[in-house]
Amino acid sequence: MQKIAVLTSGGDAPGMNAAIRAVARTGIYYRMEVYGIERGFSGLSSGSPMKKFSLGAVAGIIHRGGTILHTARAPDFKDRALQEKAVRCLRDAGIEGVVVIGGGGSFHGAQALQELGMKTVGIPATIDNDIPGTGSAIGFDTAVNTILDAINRLRDTATSHERIFIVEVMGRESGFIALAAGIAGGAEAIIVPEIKPDLDEICRRLLQGIARKKTHSLIIAAEGAASAYEVGKVVHERTGLETRVTVLGHIQRGGSPSAVDRLLGSRMGAVAVELLRRDCSGVMTALKDGDIVPVPLLNAITGKRKLSRDLYEMSKVLAL
Ligand code: F6P
């Protein structure tokens with residue numbers, strides 16, 4: 001394979017730049033030409049010119065959040081005609097293989113390219129960490145650390161004012177971010193979409209805490225489970241306690257990637273190129289038992305990543 005291209009798609013995730021850098025440098029190491037496609041599938045299907053990477057073009061980016069290639073949500077890319085146009089654009093540019101860095105939605109696009117004959121490898125990157133088949137996706141670790149930083153700050157003010165804070169975190173329809181940040185942040189309650197919340201039980205526990213002279217508490221609510229404002233209202237009505245709400249929003253997506261995400265991005269980027277060289281495509285790079293291995297893209301887009309019920313139950317015990 002002589003010419004490959006890389007794009008980032010969907011929500012950005014810290015560590016995407018490390019993956020782009022690894023794809024570019026590994027490809028150039030093997031004397032390939034490596035091209036960057038800007039604005040994901042939208043840029044690809046609108047025929048935007050691709051940029052050829054030099055070694056220097058990806059210097060000084062490993063520590064930067066976001067993606068130097070820009071990204072876009074491309075709901076239209078479900079359209080077969082657009083997918084065919086994208087493959088035509090790639091072929092016209094002489095591209096023989098593509099690396100798609102993104103989340104579940106992006107992998108539908110990646111699978112479409114593969115089905116239309118363009119060799120494609122996916123790299124899982126989403127702060128939601130909801131892609132089945134991989135131990136982790138790029139961006140999750142940084143996002144959880146960003147939330148922890150916010151939680152630490154909120155605890156200071158919550159302690160001072162003796163209040164209950166409800167912090168809403170991202171995650172779409174999944175609770176991976178909420179559960180990880182809740183456990184690591186010592187939250188008193190965690191609300192995730194996968195498990196129906198029992199607000200009465202949460203209120204009871206908050207009141208038990210007050211009885212034990214616990215002066216503040218923190219509830220983490222996943223955006224897909226409940227609105228933090230609603231939770232705050234209900235908790236106030238049922239307990240009489242003073243509540244405050246913080247919706248962290250897109251702050252969770254930004255920032256310099258953690259060492260874990262830089263390493264994961266670097267390893268997955270390098271392996272993606274190795275896979276294309278070995279003519280292994282229609283797969284994503286997955287973290288399994290500490291190794292980066294290929295897993296069919298189809299598995300990643302048809303299954304659902306399961307939240308650990310055991311971990312959730314453990315979080316309740318630790319929050320007693
Ligand atoms: O998938 C990543 C994510 O940050 C989700 O957690 C969130 O629901 C969504 O993207 C927000 O999307 P947008 O940036 O398009 O508003």
Side-chain angles (χ1 to χ4, degrees), residues 7-19 38-43 64-78 100-111 122-134 136-151 166-182 184-185 187 190-194 220-231 245-258 260-261 264-265 268 284 297 300-301 303-307:
L7 62 83
T8 47
S9 161
D12 60 343
M16 278 182 161
N17 282 330
E38 292 190 323
R39 297 179 188 80
F41 292 112
S42 302
R64 281 168 55 191
T67 157
I68 58 159
L69 287 175
H70 305 286
T71 185
R73 304 226 180 256
D76 299 351
F77 200 68
K78 287 189 187 81
V100 172
I101 305 172
S106 308
F107 284 178
H108 279 94
Q111 176 64 21
I123 295 183
T126 163
I127 65 162
D128 301 340
N129 207 20
D130 57 350
I131 302 178
T134 180
S136 190
I138 296 167
F140 174 68
D141 183 72
T142 307
V144 171
N145 279 299
T146 302
I147 296 165
L148 289 183
D149 184 49
I151 288 178
I166 299 99
V167 183
E168 185 176 307
V169 300
M170 282 186 165
R172 217 177 271 277
E173 285 98 32
S174 70
F176 297 101
I177 297 182
L179 188 56
I190 304 170
I191 301 177
V192 292
E194 293 85 346
I220 302 285
E223 64 176 356
S227 142
Y229 286 101
E230 270 306 307
V231 175
V245 170
T246 300
V247 178
L248 291 179
H250 287 78
I251 283 174
Q252 296 161 92
R253 286 235 300 263
S256 179
S258 65
V260 168
D261 283 328
L264 196 59
M268 286 188 168
M284 73 162 175
L297 272 173
I301 57 180
K304 195 166 160 36
R305 194 166 194 264
K306 269 188 81 172
L307 190 86

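Both ligands and their constituent atoms are indexed starting at 1 by order of listing. Predicted, not measured: the structure shown is a model, and the values here were computed from it.
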From CA spacing to verdict: side-chain contact (heavy atoms from CB on, under 4.5 Å), L248, T146: CA-CA 10 Å; L248 291 179; T146 302; over 6 Å; no
Where ligand 1 meets G171 - atom numbers and elements under 4.0 angstrom, heavy-atom basis: 6 (O)
Which of the ligand 1 atoms, numbered from 1, are nearer than 4.0 Å to a heavy atom of H250: 13 (P), 14 (O), 16 (O)
Pair D130 + R305: basic N to acidic O under 4.0 Å: no
Identity and distance of the protein heavy atom lying nearest atom 2 (C) of ligand 1: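 Answer, as residue, atom name and distance: D128 OD2, 3.4 Å.
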Stepwise side chain to side chain donor-acceptor pair (under 3.5 Å) check, D141 with N145: CA-CA 6 Å; D141 183 72; N145 279 299; 3.3 Å; yes
Closest to atom 8 (O) of ligand 1 (judged by heavy-atom distance), picking from R73, R253, E223: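 The residue whose heavy atom sits nearest atom 8 (O) of ligand 1 is E223.
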Reference residue I131; test side-chain contact (heavy atoms from CB on, under 4.5 Å); the match among S136, S174, S106, P124: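 The residue from S136, S174, S106, P124 that satisfies side-chain contact (heavy atoms from CB on, under 4.5 Å) with I131 turns out to be P124.
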Sole residue of T134, I123, I301 in side-chain contact (heavy atoms from CB on, under 4.5 Å) with M284: T134
Proximity of Q252 to ligand 1 by residue part, where a heavy atom lies under 4.0 Å: neither
Close approach of G103 to ligand 1, heavy atoms, under 4.0 angstrom: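 Checking ligand 1 against G103, which is what was asked, there is no heavy-atom contact under 4.0 Å.
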